[in-house]
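What follows is a single structure, written as structure tokens, with notes after it.
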Amino acid sequence: MAELSKHFEADKVESKWYQHWESKGYFHSEPDEREPYSILIPPPNVTGVLHMGHMLNITIQDVLIRRARLNGYNACWVPGTDHASIATEAKVVKRLREQGIKKSDLTREKFLEYAWEWKEEYGGIILDQLKKLGASCDWERTAFTMDEVRSDHVYKAFIDLYNKGKLYRGLRMVNWDPQAQTVLSNEEVIHKEENGRLYHIKYVLADDPSQSVTIATTRPETLLGDTAVAVHPDDPRYTYLKGKQVIVPLVNRAIKVIFDDYVETEFGTGALKVTPAHDINDYELGKKYDLEVIDIFNDDGSVSEAGQLYIGKDRFEVRKLIVKDLEAQGLLIEVEDYRHNVGRSERTDAVVEPKLSLQWYVDMPAIAKPALEAVETDEVEFFPKNMKNTYRHWMGNIRDWCISRQLWWGHRIPAWYFEDHVAVAESEQEALDILKNKSGNANLALADIKQDEDVLDTWFSSWLWPMSVFNGWFDKKEMDYYYPTTVLVTGWDIIFLWVARMIMAGYEWEGTYPYKDVYFTGMVRDKKRRKMSKSLGNSPDALKLISDYGADGVRFGMLSCSPAGGDLLFDDKLCEQGRNFSNKIWNALKLIKSWEVDTTLDQPEANALAGQWIEEKYFDVLSNTDARIKEYRLSDALMQLYSYIWGDFCSWYLEMIKPDYQKPVDPASVQTASAVLKKICIMLHPFMPFITEEVWQALKAEDEVDCIVSRYPESRAFDTALIGDISQVQDIVSSIRDTRNQNQIKPKEVLPLSIQSDEAIKQLFSRSGVEPLVRKLGFLESVTMVGEGEGSGYAFIVGKSKYYLESNEEVNVEEELIKLKEELEYQIGFVASVDKKLSNQGFVSNAPAKVVEMEKKKLEDGQARIQLLTEQIQRLENS
RNA sequence: GAGACUGUAGCUCAGUUGGUUUAGAGCAUUACCUUGACAGGGUAGGGGUCGGGGGUUCGAAUCCCUCCAGUCUCACCA
């Protein structure tokens, strides 16, 4: 074998193995007789580039899928992207504009051509980036929400819901994004407190200009569309307004005054202007009092003809102008600063404009029930559990889902119109037949009917993802095998947008859940707990991180701070730790490989014991890790492996069996060390696939398979007595080191040790290999059993036994006494607390026998230590 | 406004139905050691009255009440 490099060279190794795995087809899955383990990627936007959230998400999914593969499941991880209507259309429009092309100059078909071009060019970038992280997705299955198979599902779902009466077209007040010029669902509107102003404006009475009423509004520009002023019926200040009309300033329209207890007398002036076209509450008032609805805005947020004034100017510009004009006319009474909630578009950040319009809706209460129950009963299990609360609350108050979007990029709504008639159909021809029927006009031609111009909300395709990726409605073969999938891994921020709707869709069409478990990851934040964002510039470059720390290092970093649900405070340091960990493993391999083997040597007892121990401990860790992962506690699982590999394997085990400098080693020890390191590779592989494959390859036999497709060792019982004994050995060795440390004795200066022998000690040292092991690790010349009162040198206590490290140095009696007395004090306190417990009759009679036993043992041990300490103190004082 | 969650070492967090040596881990920190596996490594240490206050219990970080601080979700009154 070629000389191993000083450090683990991640970049070379990663591309090498990824290509190898892919070319061997290890990531690909086909239904077979094995049990499936399937995961669907939460499809990232085609517009996206890899960011920290993806990295976390992908790493977790890859851990689960690689683990399933190693456990012998037929593991299938389906990747893909979603078409992201709003975001993608915005990017395409921008790109066209840069080329001097206006969207409005293009036909729908031409625009879509450009859009597809854009998608082909950029849509795959993020998937390629996932590969850099080591994602073992089945790339042959890569899906896109707008490809043919997926689209077929979307249309079918729409038509089916419509036919079942669970989808309708209705006139409603919607959230309008004037920048993207489309409607948004409630979930796409982000409400935040912002600084605004409350304008007090005077409306004079129509029949008596000397009298007036002053209203308060945050949006003076909407007065152009006012059709009433409202006050509370019991408000004594406004009784004079009964039966009166007031004049809308500037436009000079006479409107009526209405009296409704919706108005809060406390707020503002207690008088409210009513603009039914531009406020949801005003709209309700309008309906109640049959008010005129004047829509004063164009789709881009500029004032329309209906506004009469400021026509064509933007709403925020108009706000300024109108304030000035009101002031000029003496109608602006007061302006006060006011903090209030403003809704902005999640995608464009434009202030959302409430707007009345005709849109398509899904009747959510009609389909929510089974999905709510499924989560309540843990048929679909949430990790962490408390996400159930959030889910329950939203599902219990669910509102209809507005699914039309006034865009071109997406699935065009399969609805055709003729006059007032609507046809929802798979094809234009079918729609024509329906409309002929509905209108009673048999001569209706294709040219007479018109398809809806709008497309569907992107989530309307995403919610079908668990079914559509397997072509589930048109071919049962894969569907029956892979569905329901095993687990969904996603951020909690899209629980409503996506997760809840997917569960609903699962029950609506398949009668069962889309996945058994949902693992909600936290949001990645920076050290200061700020959300990672482009504008803050605090989001590390994902690819740079990988090149700096290696994919394994970054995976380690992401995982080691990823409690489910909580925030994840990201710090480069964690990746550095991961990189160092890779390096540590690499060097363990180097060490073992560097040993010269002498086949004539027998295995020393100590090495045999060490080998047994590290093997038993392996199975301890294996079963522990297994339990953690079942609960999706990946961070814990990884920490277990980290401390086993770094602590037990490298720091203890390798030191135990290490031959003296430049001495050869026996074949059995190398054999065990290699075998355990190989098993470590399998165990760690899901977390850190590259380093483990590399090390595995260096150790594996010619005819052995690659690490990625090998099998986990069967979990088995392990020898707890042996593990306990070695743990005692470790305690003894640590105490020896501590004693040296505290007394400035060189760590490797070879000294004799005597032990005041007792039953426990005899038993421990009767195990073959214990004595030489203690000698080797403690740098001891000899280990001698002595009787009570014998032994000299630095004394220390482990368990309830006394040890003496003999040294040529003069023992500093005074210092030694101080230490011993401190220790004695602690032990006395300890024993007192235990004794207090045990002398409490309530405790002894109520606590379980096991607990009482434990306390008695604590007491005994403590008392024994007190005795040893007291003796030692006396001895020193007398000397 | 309604609800949820969190508060444990300098930092990030574990602590499973109240009971395993008078509270654990990782990182950071301190001292010492180390030119032969290790972008360092090793060894050992210091550091917390578990947000405050009550209560239930033989026993509370863990259960209940209350206060304080923070985070988030949903809904929103101009």
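Here is the naming used below: chain letters follow the sequence lines, and residue numbers restart at 1 for every chain.
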Q | Evaluation steps, ring-ring contact (aromatic ring centres under 6.0 Å, His included), between A:F520 and A:F383 | A | CA-CA 6 Å; A:F520 289 102; A:F383 297 85; 9.6 Å; no

Which residues pass the side-chain hydrogen bond (donor to acceptor under 3.5 Å, both in side chains) test with [X], not counting sequence neighbours?
X	answer
A:Y238	none
A:Q827	A:E823, A:R865
A:Y289	A:D260
A:R501	A:E187

Rounded to whole Å, please give me the gap between [atom1] in [X] and [atom2] in [N].
X	N	atom1	atom2	value
A:E187	B:C74	CD	P	8 Å
A:K819	B:G45	NZ	P	12 Å
A:Y199	B:A78	OH	C1'	14 Å
A:I592	B:G36	CD1	C1'	16 Å
A:I495	B:U73	CD1	C1'	10 Å

(Q) Using heavy-atom distances to pick each residue's nearest nucleotide on RNA chain B, tell me which of A:A588 and A:R399 is more 5'. (A) A:A588

Q: Using heavy atoms to find the nearest nucleotide of RNA chain B for A:N587 and A:Q730 separately, return the residue whose nucleotide is more 5′.
A: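 The answer here is A:N587.
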
(Q) Under 4.0 Å from OP1 or OP2 of B:G45: is there any side-chain N or O of A:R740 that close? (A) no

Closest approach to the side chain of [X], judged atom by atom: which nucleotide of [options] is it?
X	options	value
A:S734	B:A39, B:A37, B:A44	B:A44
A:R579	B:A37, B:G40, B:U73	B:G40
A:N840	B:A75, B:C58, B:A78	B:C58

Q) Where along nucleotides 17-29 of chain B does protein come under 4.0 Å, by heavy atom, of base (B) or sugar-phosphate alone (S), with - for untouched nucleotides? A) --BSBB---SS--

Q. Given the rule that a pair is Watson-Crick or G-U wobble with both distances under 3.5 Å, how would you write RNA chain B in dot-bracket, using | for pairs to a different strand?
A. (((((((..((((.....[....)))).((((((.....)))))).....(((((..]....))))))))))))....

Enumerate all atom pairs, one protein N or O and one N or O from nucleotides 1-11 of chain B, separated by less than 3.5 Å.
residue : atom : partner : partner atom : Å
B:A4    : O3'  : A:N389  : ND2          : 3.2

Anything under 3.5 Å between a donor and an acceptor, one on a side chain of residues 574-584 of chain A, the other on a protein residue two or more places apart or in another chain? List them.
residue : atom : partner : partner atom : Å
A:Q577  : NE2  : A:Y642  : OH           : 3.3
A:S582  : OG   : A:G578  : O            : 3.4
A:N583  : OD1  : A:F8    : N            : 3.0

(Q) Less than 3.5 Å apart, any donor N or O on the side chain of A:T275 or A:K273 sitting next to an acceptor on the other? (A) yes

(Q) Considering only residues two or more places apart or on different chains, which pairs with a residue in residues 546-558 of chain A satisfy salt bridge (charged side-chain N to carboxylate O under 4.0 Å, His left out)? (A)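 Checked against salt bridge (charged side-chain N to carboxylate O under 4.0 Å, His left out) - neighbours excluded - the pairs reaching residues 546-558 of chain A are A:D62-A:R555, A:K544-A:D548.
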
Does [X] have any ring-ring contact (aromatic ring centres under 6.0 Å, His included) partners at least two apart in sequence or in another chain, and if so, which?
X	answer
A:Y644	none
A:Y826	none
A:Y203	none

Q) So what does A:S594 hit on the nucleic acid, given a heavy-atom distance under 4.0 Å: a base, only sugar-phosphate, or nothing? A)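 No contact.
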
Q. Base, sugar-phosphate, or nothing: which does A:I280 touch, judged by heavy atoms less than 4.0 Å apart?
A.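 Touches sugar-phosphate only.
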
Q) Between A:F687 and A:F556, is the gap from one ring center to the other below 6.0 Å? A)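 Here the rings of A:F556 and A:F687 have centres that are no less than 6.0 Å from each other.
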
